[in-house]
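First comes the structure, then the notes that go with it.
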Amino acid sequence: MRDLYEAQLATLKNDMIRMGALCEEAISAAIQGLLENDPGSAKRVSDIESEIDDFERDIERLCMRLLLKQQPVATDLRTVSSALRMISDLERIGDQAFDIADITKNQSEHKDFASKVHIKEMANAVIVMVTDSVDSYVKLDQKLAEKVATEDDNVDALFLKIFHEIAALIESGDSGAEQALDLLMIAKYLERIGDHAVNVSEWVIYTLCNTGMDAKGFALPSAFWNAMHEHLPDLILLDLMLSEEGGLEILKKVRRDSKTKSLPVMILTAKGTEYDQVVGLDSGADDYITKPFGMMALVARVKAVLRRTEKNNGIEKVLIFGELEVNPIRHTVFAAGEPVSLTLKEFELLCLLLENPGIVFTRDQLLNQIWGYSFDGESRTVDVHVWHLRQKLGECGKCIETVRGIGYRAGDGNL
């Protein structure tokens, strides 16, 4: 049985490699059609896109078989669940390569623009990003996954260069302005492809980061209830749209049972209307998260719910990171044995990083987590607070690491 399981995991990784290679091929063919004024490239890209769609279905079926029959846990569960998310981004990359080819198809002859050179540079850059993001998954290489975000900075810079070049061309009244707009759309599609490659790399980082939590998934409510009779979890992640029994009904049963009524429950669902959220929270959910969502942000919110639950149960947990000691309940901080006075936001920022060691948070994620989604300040706010934290913590402040091009994380420590 284990041999079959390992073989299926190997097949999953091989299929991910082949799907990624097809994405690279689709991008290359679409850009070649543009540079060589070849309307026929659209047909080639369309054929490749169909293969990408086939791989998406095959990988999805394989992942579901693994989840249903093998019920993977811990890293294996993250590997399979991440693949399910990644193939969605890879499929979108195929769609956007076709969109580029479709623009080329409708232009029998393209005027030579200087921006074409930058378009080619962008295409080469996003192909490298797709390659690196998929390779990082197969090779379990977190540094390679983090490198993708840095590569995206170059893609964004090239897009801005193309945008300014074409804006100047249109302003000058050049007769090729319409075709120049086509180039701008192609550049926009390439930028989106880069964003999808970053999404893939973030799933790899999630897969590889040790979150300190074990998870077990259930395809059917009946299997979930059987497991609950054997062992109660610390927290339940609940979808609403399930077969056999609806998610809200499961939530109500959990809340009615004296043995489970205090268990924290987080709803993860595609039902994102305000009414759905109110019903879910009023039915007893501790948090309500709509899809799609960032996995690292989800892990942080899970830990936040667990922290609130522990606090309500009178459990006191002290975060120890080298010579840094933080008590989230007593709101105290000691660096090398000396008390440190922090503002509320500095304290919350420090706790979030220390409770998620090794997990990289973007500046936007930190703004959302600490300042709230309605905060309309700039990401420089995070940098300023991190600078103040490092200054106040002295040598212990080195635990807050800057991940170039992404954000911040708590480095290696002893939590």
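Since we're looking at a predicted model, the values are computed, not measured. Starting from 1, each residue takes its place in the sequence as its number.
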Within-4.5 Å side-chain heavy-atom neighbours: Ile193 and Ile127: no
Reported CG-to-CD1 distance for the pair Leu389 and Ile400, which is rounded to 0.5 angstrom: 4.5 Å
Close side-chain approach of Pro221 to Glu249, heavy-atom, < 4.5 Å: no
Leu324/Cys399 under side chain to side chain contact (heavy atoms under 4.5 Å, CB included): CA gap, chis, key distance, verdict: CA-CA 9 Å; Leu324 181 62; Cys399 71; 4.0 Å; yes
Option passing side-chain contact (heavy atoms from CB on, under 4.5 Å) with Tyr408 (candidates Val382, Leu349, Val360): Val382
Inter-residue atom distance Asp58.CG - Thr11.OG1, 0.5 Å rounding: 11.0 Å
Atom pair CZ (Arg192) and NE2 (His196), whose distance is rounded to the nearest 0.5 Å: 8.0 Å
Qualifying residues under salt bridge (Lys or Arg N to Asp or Glu O under 4.0 Å), relative to Asp89, sequence neighbours excluded: none
Over all atoms of both residues, closest heavy-atom pair of Ser46 and Phe98: CB-CE1, 3.7 Å
Exercise: identify the closest heavy-atom pair between Val134 and Ile17: CG1-CA, 4.0 Å
Check: Val198 main-chain N/O paired with Ser201 side-chain donor or acceptor under 3.5 Å: yes
Heavy-atom closest pair, residues Leu319 and Pro328: CD1-CG, 4.0 Å
Leu353 CG to Ile370 CD1 distance, which is reported to the nearest 0.5 Å: 7.5 Å
Gap separating the OG atom of Ser136 from the CH2 atom of Trp203, nearest 0.5 angstrom: 14.0 Å
Audit row: Asp286, Arg255, salt bridge (charged side-chain N to carboxylate O under 4.0 Å, His left out) steps and yes/no: CA-CA 11 Å; Asp286 294 274; Arg255 291 293 176 246; 3.0 Å; yes
Partner set under salt bridge (Lys or Arg N to Asp or Glu O under 4.0 Å) for Lys261, not counting sequence neighbours: none
Glu346 backbone acceptor or donor facing Thr343 side chain under 3.5 Å: yes
Within 6.0 angstrom of Gln391 CD, more than 12 heavy atoms from elsewhere: yes
Value rounded to 0.5 Å, distance of CG in Leu158 from CD in Glu121: 5.5 Å
Evaluation steps, side chain to side chain contact (heavy atoms under 4.5 Å, CB included), between Ile27 and Gln96: CA-CA 8 Å; Ile27 300 166; Gln96 280 150 1; over 6 Å; no
Asp15 vs Ile87 side-chain heavy atoms within contact, under 4.5 Å: no
Closest contact, heavy atoms only, Leu12 versus Cys63: CD1-SG, 3.8 Å
Flag, side chain of Lys345 to backbone of His385, donor-acceptor distance under 3.5 Å: no
Leu190 side chain near Ile100 side chain, heavy-atom distance below 4.5 Å: yes
Sub-4.5 Å side-chain heavy-atom contact between Met122 and Glu191: yes
Student check: side-chain heavy atoms of Ile250 and Trp225 closer than 4.5 Å: yes
Ser172 side chain to Leu169 backbone, donor-acceptor under 3.5 Å: yes
Other residues, nucleotides, ligands: >12 heavy atoms within 6.0 Å of Lys161 NZ: no
Residue pair Asn356 / Phe361, side-chain heavy-atom distance below 4.5 Å: yes
Residue Glu395 excluded, over 12 heavy atoms near CD under 6.0 Å: no
Working for side chain to side chain contact (heavy atoms under 4.5 Å, CB included), residues Leu183 and Leu34: CA-CA 9 Å; Leu183 287 180; Leu34 168 71; 3.9 Å; yes
Asp257 atom CG: more than 12 heavy-atom contacts under 6.0 Å: yes
Test salt bridge (charged side-chain N to carboxylate O under 4.0 Å, His left out) applied to Glu146 and Lys143, step by step: CA-CA 5 Å; Glu146 292 173 352; Lys143 290 188 180 299; 5.5 Å; no
Lys253 atom NZ: more than 12 heavy-atom contacts under 6.0 Å: yes
Donor-acceptor pair between Ser41 and Gln32 side chains, under 3.5 angstrom: no
Closest non-hydrogen atom pair, Ala285 against Leu251: N-CD2, 3.7 Å
Pairwise side-chain contact, Met228 with Pro233, heavy-atom cut-off 4.5 Å (strictly under): yes
Residue pair Ile31, Ile186: steps toward the side chain to side chain contact (heavy atoms under 4.5 Å, CB included) verdict: CA-CA 9 Å; Ile31 296 302; Ile186 289 171; 4.2 Å; yes
Gly20 versus Val130, closest heavy-atom pair with distance: O-CG1, 3.9 Å
More than 12 heavy atoms of other groups within 6.0 Å of Arg404 CZ: no
